[in-house]
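Start at 1 with the first residue, then count along the sequence.
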Amino acid sequence: MSNRFKRAGICYGRKFEKHCNFVHMDNELFLPLADMDIRHGETILDHGCRNGSFTLKNLVTVAEEKNCKIYAIELSKSMHLYSTEQFSHHRITYLNKCFLDPDLSFGEHKINKIFSMYALMVVKDYRGCLKKMHEVLEEGGKACILIVSKVDTSFKFMKHLKEHPEWNLHDEHLVIPDWVETYWNGGNHTEVIKDAVTSAGFTIEKLDVVPRHHDFASKADCAEFLYAGTMTCAGEHTIHTLNDYEKIQQEYVKFLSENFPNSESSNSEFRMEYELTIIIAKK
């Protein structure tokens, strides 16, 4: 790994962590740990662990109490780099791999519980990932799936990067999930998500849909968080330097100004509205 990419990777992870206190607050409010029934000696998989902060802040405590092993998998090289340098722990093994890689292995461990937090909306085959979750889980195992099912400040910018002639980014990882197209067209996007989970073989034990919002100090802060957190997997395939990162972020701020003018308050705060869909699914 080049020093330049390493610096960019640390930058991505740090920018994400800088603004994600509200994400940790959402986890404290809505993470249904009790419903997951984590037992002594089980193996937990954190699918799409981003920069590792969720894994450390939310799963390590229960892993210590229950003597559990944690595997945390992340496709983004930059986020993986940050997690291994900033959030290492003896209970956690971080893997920088694609979840759908046929060679993915957890050694002698069997996966009993899966947490997929904020991941399925940025993978190129979320239905395939759900099927793989069902495949790797032990019979009777559970998956906690938290999806940001609506966040137009992110999804519409992805669409902009794909369609705008100046950018024309057709990276396969620059993903707009089918449920987003469904709600843009006036359909029931929650039913699309439910269908994906049950079609993978799961039984849904619990499903909650929660509207949320967060006030960033500025559009620039919102853009920094969204790009670093929700588009890193796409971005690092096409944008490899810090200079390019800043160029994309400037475009993001311009896009927010032009497309979400009513989200900015008189004191320059920028409100990001989003929706969480939280699912407990059992094999």
Side-chain angles (χ1 to χ4, degrees), residues 23 26 30 47-48 75 99-100 116-134 143 145-204 206-214 216 219 222-223 225-227 229-235 237-238 248 251-264 270-281:
V23 177
D26 281 349
F30 305 116
H47 165 254
L75 175 63
F99 186 54
L100 296 179
S116 179
M117 315 297 290
Y118 312 97
L120 290 182
M121 65 277 190
V122 293
V123 297
K124 63 181 179 179
D125 181 8
Y126 83 95
R127 289 178 180 267
C129 284
L130 285 166
K131 290 176 182 176
K132 183 68 174 281
M133 287 182 205
H134 189 270
I145 301 160
L146 190 153
I147 300 170
V148 183
S149 41
K150 285 186 179 180
V151 57
D152 277 349
T153 45
S154 178
F155 291 133
K156 288 189 175 180
F157 185 61
M158 293 186 196
K159 189 172 187 289
H160 170 75
L161 289 180
K162 284 174 172 283
E163 296 177 354
H164 195 285
E166 181 181 351
W167 299 98
N168 195 32
L169 294 182
H170 292 289
D171 193 295
E172 63 178 346
H173 296 277
L174 201 60
V175 175
I176 301 172
D178 57 357
W179 76 77
V180 175
E181 300 282 0
T182 297
Y183 82 71
W184 281 349
N185 292 323
N188 189 332
H189 65 291
T190 304
E191 288 300 316
V192 175
I193 295 169
K194 286 170 62 178
D195 174 71
V197 175
T198 56
S199 294
F202 285 107
T203 299
I204 295 176
K206 183 177 181 180
L207 187 150
D208 293 314
V209 178
V210 185
R212 300 287 288 164
H213 71 264
H214 177 68
F216 288 91
K219 292 189 296 290
C222 180
F225 168 79
L226 287 171
Y227 185 71
T230 65
M231 295 181 64
T232 310
C233 286
H237 285 78
T238 49
I248 287 282
E251 179 71 11
Y252 212 152
V253 171
K254 178 184 174 185
F255 176 83
L256 293 176
S257 297
E258 293 175 350
N259 292 274
F260 299 91
N262 297 327
S263 296
E264 188 170 17
F270 185 86
R271 174 161 291 188
M272 180 185 75
E273 295 184 349
Y274 60 104
E275 175 190 270
L276 300 178
T277 298
I278 307 142
I279 298 171
I280 300 292

> Is the shortest heavy-atom distance from the side chain of Asp178 to the side chain of Val192 under 4.5 Å?
Replying inline: yes
> Does the side chain of Glu251 come under 3.5 Å of the side chain of His160 through a donor N or O and an acceptor N or O?
Replying inline: yes
> Is a side-chain donor-acceptor pair under 3.5 Å present for Asn188 with Tyr183?
Replying inline: no
>> With heavy-atom distances below 4.5 Å as the criterion, would you say the side chains of Lys194 and Thr190 are in contact?
In response: yes
> How far apart are the C-alpha atoms of Asn259 and Phe157, what are their side-chain angles, what is the distance that settles it, and do they pass the side chain to side chain contact (heavy atoms under 4.5 Å, CB included) test?
Replying inline: CA-CA 9 Å; Asn259 292 274; Phe157 185 61; over 6 Å; no
> Is any side-chain heavy atom of Phe202 less than 4.5 Å from a side-chain heavy atom of Ile279?
Replying inline: no
> CD1/Ile278 to CG/Leu146 distance, rounded to the nearest 0.5 angstrom?
Replying inline: 5.0 Å
> Does the side chain of Val23 reach to within under 4.5 Å of the side chain of Tyr118, using non-hydrogen atoms?
Replying inline: yes
>> Please verify the inter-ring angle class for Phe99 with His47; under 30° counts as parallel, over 60° as perpendicular, anything in between as tilted.
In response: tilted
> If you draw a 6.0 Å radius around CD in Glu181, do more than 12 non-hydrogen atoms from other residues or ligands fall strictly inside?
Replying inline: yes
> So do the side chains of Thr277 and Ile145 get within less than 4.5 Å of each other, counting heavy atoms only?
Replying inline: no
> At what distance, to the nearest 0.5 angstrom, does CD1 of Ile280 lie from CD1 of Ile204?
Replying inline: 11.0 Å
>> So, applying side chain to side chain contact (heavy atoms under 4.5 Å, CB included) with His213, which one of Glu275, Met272, Arg271 is it?
In response: Arg271
> Does any N or O in the side chain of Lys219 come within less than 3.5 Å of the main-chain N or O of Ser257, such that one atom is a donor and the other an acceptor?
Replying inline: no
>> So, taking the atom named OG in Ser149 and the one named CG in Leu120, what distance separates them when rounded to the nearest 0.5 Å?
In response: 11.5 Å
> Can you find a pair of side-chain heavy atoms, one from Lys159 and one from Ile176, that are under 4.5 Å apart?
Replying inline: yes
> Phe30 and Asp208: side chain to side chain contact (heavy atoms under 4.5 Å, CB included), yes or no, with the steps?
Replying inline: CA-CA 9 Å; Phe30 305 116; Asp208 293 314; over 6 Å; no
>> With a 4.0 Å cut-off on N to O distance, would you call Asp195 and Arg127 a salt bridge?
In response: yes
>> Using ring pair (Phe, Tyr, Trp, His ring centres under 6.0 Å), reason through Phe270 and Phe216 one step at a time and then give a plain yes or no.
In response: CA-CA 5 Å; Phe270 185 86; Phe216 288 91; 7.6 Å; no
>> Rounded to the nearest 0.5 Å, what separates atom NZ in Lys156 from atom CH2 in Trp184?
In response: 6.5 Å
> Would a 4.5 Å heavy-atom cut-off, applied to side chains only, mark Val148 and Leu276 as touching?
Replying inline: yes
> Rounded to the nearest 0.5 Å, how far does NZ of Lys131 lie from CG of Leu100?
Replying inline: 10.5 Å
>> For a quick check under 3.5 Å, do Asp26 and Tyr274 share a side-chain donor-acceptor pair by atom type?
In response: yes
> Could you give the distance from CZ (Phe155) to CG (Leu226), rounded to the nearest 0.5 Å?
Replying inline: 10.0 Å
> Under the ring pair (Phe, Tyr, Trp, His ring centres under 6.0 Å) criterion, do Trp179 and Tyr126 qualify, and how do the steps go?
Replying inline: CA-CA 11 Å; Trp179 76 77; Tyr126 83 95; 5.0 Å; yes
> Are any non-hydrogen side-chain atoms of Glu258 and Phe255 less than 4.5 angstrom apart?
Replying inline: no
>> Please give me the minimum heavy-atom distance between Gly48 and Ala119, naming the atom from each residue.
In response: CA-CB, 4.0 Å
> How close do Ala223 and Val253 get, heavy atom to heavy atom, and via which atoms?
Replying inline: CB-CG2, 3.9 Å
